[in-house]
Structures are given as structure tokens and as C-alpha cells.
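Here is the structure we will look at, set down as C-alpha cells.
Here is how names work: the chains are called A, B, and so on, in the same order as the sequence lines, proteins then strands, and each is numbered from 1. In this text, all values refer to a predicted model and were calculated from it rather than measured experimentally.
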Number of protein chains: 2
Amino acid sequence: MPSAESGCPVDALVSLIMGPWTAYIVWVLLQHDSIRFSELMKDVHGISARMLTVRLRRLEAAGLVRREQHLGIPPHVCYELTARGRELAQVMTPLESLANKWFAEDQAARRAPASGADEVRSTLPRLQGI
Amino acid sequence: MPSAESGCPVDALVSLIMGPWTAYIVWVLLQHDSIRFSELMKDVHGISARMLTVRLRRLEAAGLVRREQHLGIPPHVCYELTARGRELAQVMTPLESLANKWFAEDQAARRAPASGADEVRSTLPRLQGI
DNA sequence: CGGTATCCTTGGAGATACTG
DNA sequence: CAGTATCTCCAAGGATACCG
């Protein structure tokens, strides 16, 4: 029984919306009014075409992203955030601030390892990925 | 290459903090000043002992949870959120509000399926898990 | 260009049994 | 009581090749 079915609304939203790559994709979408698939591939560094498609389809199904097809040769497909997508971005901004704050705190703790707080010491390996 | 290593701070935080069950666990911890392992097992409905341990250890390593052992027979271990854990809760509250808002919107759209907005129509299957 | 289809692999979650 | 240890299994993601 994965957590999304367990009754916590936050968990449900997080599981559906915040899957792998998703936050990254939304973050890139935020910086463009509208962006083509191939541009997304470049900006979301390291993602595979398959994964990008899967996540975009899910975001579309969740009403966060709008897909616009301009057929022709060559085809031209672009993606943009819906109003709901931008709503999500609004709650992600505080999340980003918090991540950056904690990261800064951890960096400081790493430079002054002798200083008191055990609670901070135990958190050293945390946010290296950033 | 999972998204956490891809360079987006939000993704890194989300991946580390918001793994399966985690939001649920934090949510339960928020409602108790301090709570025992066995109580957590009951309140986080459906979780296995192993998974609960794994997630708690990770939360501990991230400095979000404090573990207090009162040895004896029987042993007594309790968990509580640290200051950092409560910080996280503060950014999760808007997230929860948003989840509830979207859920309500979707419910309304489901009751009035003929109404306009295509953007809303496409989102129907979304938050059933809640 | 913007994807699908297919195969393959892996690590993460469940179940079960055991322990200080 | 509060966990570990071990096994197993399978969905989720990567790699690759192909298609409208």
C-alpha cells in the first residue's frame, strides 16, 4: 500500500505531482511562456524522451500543463503551464526558499564542524545533490 | 539519473523529504508533541515496521526528527519533530490547502460535467486517492 | 520533430522470521 | 517493545530502435 492511498491529502498531491523529474520540468516551464519538446529535452538535463513524455502526459492529465500541437513538416509541439500549474509554482517557491536556507545552514555547519548543535551535525550529508 | 541529482534544488528537497509515507508520517508527528514507535505504526495506517524505520531514520538524518530512547524493559522510544521539522510543516500547509482546493474543484467539475472549461474536464481522474 | 515500442535491469517495498 | 535480517517480486526507469 503506497502512501498515496493511505489518506493523507498532501501525500496524494506530492505523489501525483512531484514524481521524479516533475519539479524540475515545472521549474523549467516556469521560465518560458511556452517551450518546445526539444527545448525541454535540453533544459531538463539528462532526461530521456520517454520519461519526459510520461511526465508531461501526467502533468497534462493533472491539468497543470497545456499541450499545443501545430502540425506540419516538421511538426511543432509546445508546452506551457496552465493557471493551475502556476498555482503549484506558488507553493513551490516557499519550498525552494526552504531548501536553499537549509542548504546554506548545512554549508555553514560543515565549515564550523566543532560548533555545538548536535541536531545540525547529524544533518551534514543531506543536500549535496543540489 | 534520477531527478535529485539533476540540479534543481526543489527536486532535491522533494526527493529526500517527500518519499513514500513521509508526508503522512510528518503529518502524524505534527499532531503529537512526542509519539512512540508503536503509536506511529497505528496512526500511519498500513505502514510496515521496516518502512517506518527506514523513513524515520532518513528523517532523522535530515534533521527533521529527533529520536529519544528511554531504555529499560520494555524499551520506550519516542519521536518528535525538530525545529526544522516544524519548518517543513509550515511549507506543507499551503501545499495541503492547494490539494484540498483542487480536490474540491474537481468534485464540483464532476457534478457539473457539461460545463465549459476543457482545462478542468481533462483533470477529472486526479485526486481520488485523497 | 516529436514522439512510441520494446527489452532489460534494478532498487525499493512487502512479507516473514528473528533479536536485544 | 522496537526494531533488524533476509528473501522475494515487480513496477518504474534507462537504453535502444523505430515510426508518422
Side-chain angles (χ1 to χ4, degrees), chain A residues 1-6 8 11-12 14-25 28-29 32 34-62 65-80 129, chain B residues 1-6 8 11-12 14-25 28-29 32 34-62 65-80 129:
Chain A
M1 183 203 267
S3 51
E5 289 94 60
S6 50
C8 175
D11 233 20
V14 167
S15 302
L16 284 167
I17 301 311
M18 301 292 191
W21 297 102
T22 311
Y24 196 176
I25 294 169
V28 170
L29 285 170
H32 304 74
S34 178
I35 183 174
R36 299 183 63 171
F37 185 87
S38 48
E39 275 299 311
L40 268 173
M41 278 290 287
K42 288 177 213 159
D43 286 10
V44 182
H45 191 74
I47 200 172
S48 66
R50 184 179 160 282
M51 188 75 306
L52 183 54
T53 305
V54 168
R55 296 333 284 192
L56 283 172
R57 291 288 183 279
R58 194 164 300 189
L59 286 169
E60 219 190 329
V65 160
R66 185 172 20 247
R67 179 176 182 273
E68 235 138 321
Q69 235 188 107
H70 310 285
L71 281 174
I73 306 278
H76 185 106
V77 180
C78 59
Y79 294 88
E80 55 188 69
Chain B
M1 185 202 266
S3 52
E5 288 97 58
S6 51
C8 173
D11 231 20
V14 167
S15 301
L16 285 167
I17 302 309
M18 301 290 191
W21 296 103
T22 311
Y24 196 175
I25 294 170
V28 170
L29 285 169
H32 303 77
S34 178
I35 185 174
R36 299 183 62 171
F37 186 88
S38 48
E39 275 300 312
L40 269 173
M41 279 288 289
K42 286 176 216 159
D43 286 11
V44 184
H45 191 75
I47 199 171
S48 67
R50 184 181 160 281
M51 187 76 302
L52 183 54
T53 306
V54 168
R55 296 333 283 194
L56 283 171
R57 291 286 182 278
R58 194 164 297 190
L59 286 169
E60 220 189 329
V65 160
R66 184 170 23 245
R67 177 175 183 272
E68 235 140 322
Q69 232 186 111
H70 309 285
L71 281 176
I73 306 279
H76 186 105
V77 180
C78 58
Y79 294 88
E80 57 189 65

Report the distance from atom [atom1] of [X] to atom [atom2] of [N], rounded to the nearest whole Å.
{"X": "B:Ile47", "N": "C:dG14", "atom1": "CD1", "atom2": "P", "value": "8 Å"}
{"X": "A:His70", "N": "C:dC1", "atom1": "NE2", "atom2": "P", "value": "16 Å"}
{"X": "B:Ile35", "N": "D:dC1", "atom1": "CD1", "atom2": "P", "value": "14 Å"}
{"X": "B:Gln69", "N": "D:dC1", "atom1": "CD", "atom2": "C1'", "value": "11 Å"}
{"X": "B:Ile25", "N": "C:dA13", "atom1": "CD1", "atom2": "P", "value": "11 Å"}
{"X": "B:Glu68", "N": "D:dC1", "atom1": "CD", "atom2": "C1'", "value": "17 Å"}
{"X": "B:Met51", "N": "C:dT16", "atom1": "CE", "atom2": "C1'", "value": "16 Å"}

Problem set entry | Comparing A:Pro75 and B:Ser48 on DNA chain C - which has the more 5′ nearest nucleotide | A:Pro75
Exercise. By side chain to side chain donor-acceptor pair (under 3.5 Å), which residues pair with A:Arg67, not counting sequence neighbours?
Worked result: A:Tyr79
Check the phosphate of [N] against [X], side-chain N and O only, distance under 4.0 Å to OP1 or OP2. Yes or no?
{"X": "A:Arg36", "N": "C:dC1", "answer": "no"}
{"X": "A:Trp21", "N": "D:dG14", "answer": "yes"}
{"X": "A:Ser38", "N": "C:dG2", "answer": "yes"}

Below 3.5 Å is the cut-off: list the nitrogen or oxygen pairs between protein and nucleotides 3-6 of chain C, distance only.
unit_1: C:dG3; atom_1: OP1; unit_2: A:Arg57; atom_2: NH2; d: 3.3
unit_1: C:dG3; atom_1: OP1; unit_2: A:Arg67; atom_2: NE; d: 3.3
unit_1: C:dG3; atom_1: OP1; unit_2: A:Arg67; atom_2: NH2; d: 2.7
unit_1: C:dG3; atom_1: OP2; unit_2: A:Tyr79; atom_2: OH; d: 2.8
unit_1: C:dT4; atom_1: OP1; unit_2: A:Arg57; atom_2: NH2; d: 3.0

In Å and rounded to the nearest 0.5 Å, what is the [atom1] to [atom2] distance from [X] to [Y]?
{"X": "A:Tyr24", "Y": "A:Leu52", "atom1": "OH", "atom2": "CG", "value": "11.5 Å"}
{"X": "B:Met51", "Y": "B:Ile25", "atom1": "CE", "atom2": "CD1", "value": "8.0 Å"}
{"X": "B:Ser48", "Y": "B:Met41", "atom1": "OG", "atom2": "CE", "value": "7.0 Å"}
{"X": "A:Glu60", "Y": "A:Arg55", "atom1": "CD", "atom2": "CZ", "value": "14.0 Å"}
{"X": "A:His76", "Y": "A:Glu68", "atom1": "NE2", "atom2": "CD", "value": "9.5 Å"}
{"X": "B:Arg58", "Y": "B:Thr22", "atom1": "CZ", "atom2": "OG1", "value": "7.5 Å"}

